[in-house]
Undergrad: 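Can you keep this structure in mind? I'll have questions shortly.
Numbers restart at 1 for each chain; the letters A, B, ... are given by sequence-line order, proteins then strands. Model, not experiment: these values are computed from the prediction.
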Amino acid sequence: MLYTEILKDSGVFSRLYKNGCRASGCGCAAYYLPNRRPYNRFGITAGKKVGCAVKRNRAKRIIRAAYRKNELLLPIGYDIVIVARQELCEMKSTELDGFMKKLSKEMNRNREKASH
RNA sequence: CGAGUAAGCCAUACGGCAGCGGGCAUCGGUUGAAACCGGUGAAUGAGGAAAGUCCGAGCAUCGAAGAGCAGGGUAGCUGCUAACGGCAGCCGAGGGCGACCUUAGGGAAAGUGCAACAGAAAAUUACCGCCUCCGGCUCUGCCGAAGGUAAGGAUGAAAAGGCGAGGCAAGAGCUCACCGAGGGGCGGGAGACCGCUCCGUCGUGUAAACCCUACCCGAUGCAACACCGAUUGGUUCGGUAUGCUUUUAACGUCUGCUCGGCGGGCAUACCGUUGAAGGUGGCUGGAGCUGCGCGGCGACGCACAGCGUAGAUAGAUUGCCGUACACGACAAAACUCGGCUUAUCGGCUUAGUCGCAAA
RNA sequence: GAGCCAUUAGCUCAGUCGGCAGAGCAUUUGACUUUUAAUCAAAGGGUCUGGAGUUCGAAUCUCCAAUGGCUCA
């Protein structure tokens with residue numbers, strides 16, 4: 001991934017759940033906050049509710065594939081966490097494209113607001 | 001053809017484009033060199049249960065060696081195995097017409113406890129009944145007292161070996177035949193055990209109640225453990241110095257207890273070491289897999305040849321298509337193996353059995 | 001990775017060294033009241049998480065599983 005680091009600090013995760021902007025779509029929800037860095041940080045959450053280990057891994061894979069495809073649309077300098085839901089492991093990654101486009105639009109709009 | 005039994009195998013397949021993990025080769029950047037960063041190439045990358053964590057081991061650390069008790073586990077025999085609570089074969093018991101299957105299967109005569117309700121009595125039993133003798137009375141009988149008895153009675157899961165005959169006042173293993181349990185002897189077997197024979201002791205069940213017997217078990221787990229480690233701090237450990245206390249003592253240490261062994265102990269100061277975050281190793285060549293041969297009923301063992309087949313650290317198999325069909329279940333390595341248990345779409349192979357029909 | 005605990009009526013819990021499954025709240029019915037609430041009286045409601053085993057007999061003992069929760073590093 002080009003401008004992205006993997007997010008693994010659990011403190012950052014909880015900060016995002018508490019304070020982050022939330023965008024939910026089909027099968028998943030995303031939280032994001034600006035991080036004042038020259039790159040993005042990206043994390044995935046797939047809890048026990050999603051299912052067994054096979055289903056959790058599949059959900060993570062699908063989210064990762066969708067992110068990789070749509071990485072260039074997203075603005076740089078954000079922490080992003082995507083939370084998987086139960087329905088996600090039945091879906092295909094192309095079905096997530098719409099959600100990623102919506103997410104990037106929303107983030108860009110917020111960024112313009114903040115800069116103005 | 002139908003039903004059923006046992007054993008074993010497979011776990012969608014192939015192709016295209018883009019992408020992920022760790023290594024290998026190579027090119028470039030960079031450097032004194034290594035490391036590092038980027039590109040390219042050809043290979044390679046989850047399971048039969050990877051799961052549950054129910055057992056067993058390897059490996060590592062913890063004592064300057066260890067012993068006993070407590071605690072825990074196992075429980076027919078013989079073998080296999082690194083080991084096991086696993087597996088194989090056999091014995092006993094039980095089930096099935098049969099192929100075959102199931103089985104925590106030592107000791108109740110070392111001791112203790114428990115056996116509700118019902119019943120006379122649940123383990124040194126006499127309520128009713130039956131019988132004998134004595135006494136009384138309203139005398140073919142009834143009542144009372146003393147004894148004998150375990151055949152009959154109702155209860156219960158279970159009633160003092162079972163059943164038949166003899167015997168007796170009535171009865172009773174009191175005696176006898178057969179059967180069961182126990183003990184002794186002889187024979188067979190590696191053994192569990194089996195067969196025959198004699199004796200005549202018959203003393204319920206429960207040990208997945210306490211317990212007894214035999215055998216086994218040190219504790220902690222790869223987040224173990226080893227190494228590197230900036231600033232800051234001074235928890236840990238070691239050494240030195242000083243002070244206090246003291247050598248049959250107290251304290252510490254393998255952990256619950258005791259013995260034994262080892263170290264004298266505590267406080268302060270200094271020096272070194274260590275060290276939270278992070279990184280590297282541990283990490284995959286192993287009780288390994290495949291093939292073939294030999295030994296063994298078998299589990300398994302031996303010999304030869306070939307193979308190199310995940311190693312991540314927020315944790316790698318995906319996305320978009322195409323083709324085929326039976327339209328794809330359960331399900332993801334995390335130190336590694338051997339088992340057990342549980343989940344599972346279906347398909348295939350082999351060997352017995354029973355029933356029906358035909359020849 | 002290692003270890004521990006719980007599951008009983010609609011809900012919260014007793015009963016756990018074997019012998020008829022119980023309490024409180026809730027529900028229903030009746031009484032009291034003009035009516036409701038409160039109070040009083042009664043009734044119904046259970047595959048004791050599931051499956052095997054030991055036993056004459058299992059919520060209880062043993063084994064295997066399921067679900068939920070907790071602890072350690």
Undergrad: To the nearest angstrom, how far is A:Ile82 atom CD1 from B:A314 atom C1'?
TA: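 Result: 15 Å.
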Undergrad: Which residues pass the side chain to side chain donor-acceptor pair (under 3.5 Å) test with A:Asn57, not counting sequence neighbours?
TA: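 A:Asn57 satisfies side chain to side chain donor-acceptor pair (under 3.5 Å) with no other residue.
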Undergrad: Can you check side-chain contact (heavy atoms from CB on, under 4.5 Å) on A:Tyr67 and A:Leu103, steps first, answer last?
TA: CA-CA 11 Å; A:Tyr67 180 82; A:Leu103 176 66; over 6 Å; no
Undergrad: Counting Watson-Crick and G-U wobble pairs only, both distances under 3.5 Å, name the nucleotide matched with C:G46, or none.
TA: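 Answer to the pairing question: none, since C:G46 forms no Watson-Crick or G-U pair.
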Undergrad: Measuring only the P atom in each nucleotide, how far is B:U12 from B:U26? A whole number of Å is fine.
TA: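 39 Å, rounded to whole Å.
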Undergrad: Expressed as a whole number of angstroms, how long is the span from A:Lys55:NZ to B:A343:P?
TA: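 It works out to 17 Å between those atoms.
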Undergrad: Using 0.5 Å steps for rounding, measure from the CD1 atom of A:Ile82 to the CE atom of A:Met100.
TA: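 Rounded to the nearest 0.5 Å, the CD1-CE separation comes to 4.5 Å.
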Undergrad: Would you measure the distance from the C1' atom in B:A192 across to the matching atom in B:G76 and give it in whole Å?
TA: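 These two C1' atoms come out 6 Å apart once rounded.
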Undergrad: Between A:Arg61 and B:U317, does any side-chain N or O lie under 4.0 Å from OP1 or OP2?
TA: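 Affirmative; the distance criterion is met.
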Undergrad: Pick the closest RNA chain B nucleotide for A:Lys60 and for A:Asn57 by heavy atoms, then say which residue is nearer the 5' end.
TA: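 Of the two residues, A:Lys60 wins.
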Undergrad: Does C:C20 have a Watson-Crick or wobble mate here (both distances under 3.5 Å), and if so which one?
TA: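 Its partner: none found.
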Undergrad: What interatomic distance, in whole Å, is found between P of B:U103 and the corresponding atom of B:G182?
TA: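 26 Å, rounded to whole Å.
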Undergrad: Would you name the heavy atoms of A:Glu106 and A:Arg22 that are closest together and state the gap between them?
TA: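 Where A:Glu106 meets A:Arg22 most closely, the heavy atoms are OE2-O, 4.0 Å.
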Undergrad: Using the side-chain heavy atoms of A:Arg58, tell me which of these nucleotides is nearest: B:A332, B:G315, B:U318.
TA: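 Of the candidates, B:U318 comes closest.
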Undergrad: Please give the nucleotide sitting opposite C:U39 as a Watson-Crick or G-U wobble pair, both distances under 3.5 Å, or none.
TA: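 For C:U39, the partner nucleotide comes out as C:A31, under the 3.5 Å rule.
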Undergrad: Does B:G48 adopt a syn or an anti glycosidic conformation, taking syn as a chi angle within 90° of 0?
TA: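 Syn, which is what one calls it when the glycosidic angle falls within 90° of 0.
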Undergrad: In terms of base orientation, is B:G264 syn or anti, with the syn window spanning 90° either side of 0?
TA: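 Anti conformation here, the glycosidic angle of B:G264 being more than 90° from 0.
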Undergrad: Find the distance A:Arg56:CZ to B:A46:C1' and express it as a whole number of Å.
TA: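 Whole-Å distance recorded here is 16 Å.
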Undergrad: Please state how far atom OH in A:Tyr67 lies from atom P in B:A316, giving the value in whole angstrom units.
TA: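 Checked: the OH to P distance equals 17 Å.
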Undergrad: Using the C1' atom in both, what is the distance from C:A65 to C:A6, to the nearest Å?
TA: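 These two C1' atoms come out 16 Å apart once rounded.
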Undergrad: With both distances under 3.5 Å as the test, what is the Watson-Crick or G-U wobble partner of B:A358?
TA: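 Paired with no nucleotide.
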Undergrad: What closest approach, in Å, do A:Ala30 and A:Phe99 show between heavy atoms, and which atom pair accounts for it?
TA: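 A:Ala30 and A:Phe99 have their closest heavy atoms at CB-CZ, 4.0 Å.
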Undergrad: When you match A:Ile62 and A:Ile44 each to their closest nucleotide on RNA chain B, which lands nearer the 5' end?
TA: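 Looking at the nearest nucleotide for each, A:Ile44 comes out on the 5' side.
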Undergrad: For the P atoms, the ones on B:U81 and on B:G288, what distance do you get once it is rounded to whole angstrom?
TA: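 14 Å, rounded to whole Å.
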Undergrad: Taking atom P of B:G19 as reference, at what distance in whole Å does atom CZ of A:Arg64 sit?
TA: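 About 16 Å, once rounded to whole Å.
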Undergrad: Between B:A267 and B:U258, how far apart are the C1' atoms? Round to whole Å, please.
TA: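 Between the two C1' atoms, the distance is 33 Å.
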Undergrad: Using purine N1 to pyrimidine N3 plus N6-O4 or O6-N4 for Watson-Crick, or N1-O2 and O6-N3 for G-U wobble, both under 3.5 Å, which nucleotide pairs with B:U61?
TA: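 Base-paired to B:A219.
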Undergrad: As a test of the definition: with a 90° window around 0 for syn, would you call B:A46 syn or anti?
TA: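 Base orientation relative to the sugar is syn.
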Undergrad: Which label fits B:G261, syn or anti, where anti is any glycosidic angle not within 90° of 0?
TA: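 Because its glycosidic torsion lies more than 90° from 0, B:G261 adopts the anti conformation.
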Undergrad: With a 3.5 angstrom cut-off on both distances, give the Watson-Crick or G-U wobble partner of B:U268, or none if there isn't one.
TA: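 B:A241 is the nucleotide pairing with B:U268.
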Undergrad: Enter syn or anti for the glycosidic conformation of B:G45, syn applying to angles within 90° of 0.
TA: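 B:G45: anti.
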Undergrad: Partner of B:G261 by Watson-Crick or G-U wobble geometry, both contacts under 3.5 Å, or none?
TA: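 Answer to the pairing question: B:U253, which forms a Watson-Crick or G-U pair with B:G261.
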Undergrad: Would you measure the distance from the C1' atom in B:G338 across to the matching atom in B:U53 and give it in whole Å?
TA: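 Per the computed distance, 15 Å lies between those C1' atoms.
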Undergrad: Return the nucleotide paired to B:G322: Watson-Crick means purine N1 to pyrimidine N3 with N6-O4 or O6-N4, wobble means G-U with N1-O2 and O6-N3, both under 3.5 Å.
TA: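 Partner of B:G322: B:C14.
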Undergrad: Quantified in whole Å, what is the P atom distance between nucleotide B:A99 and nucleotide B:G352?
TA: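 B:A99 and B:G352 have their P atoms separated by 14 Å.
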Undergrad: Take the angle between the ring planes of A:Tyr78 and A:Tyr32 and call it parallel below 30°, perpendicular above 60°, tilted in between.
TA: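 Perpendicular, since the angle between the ring planes exceeds 60°.
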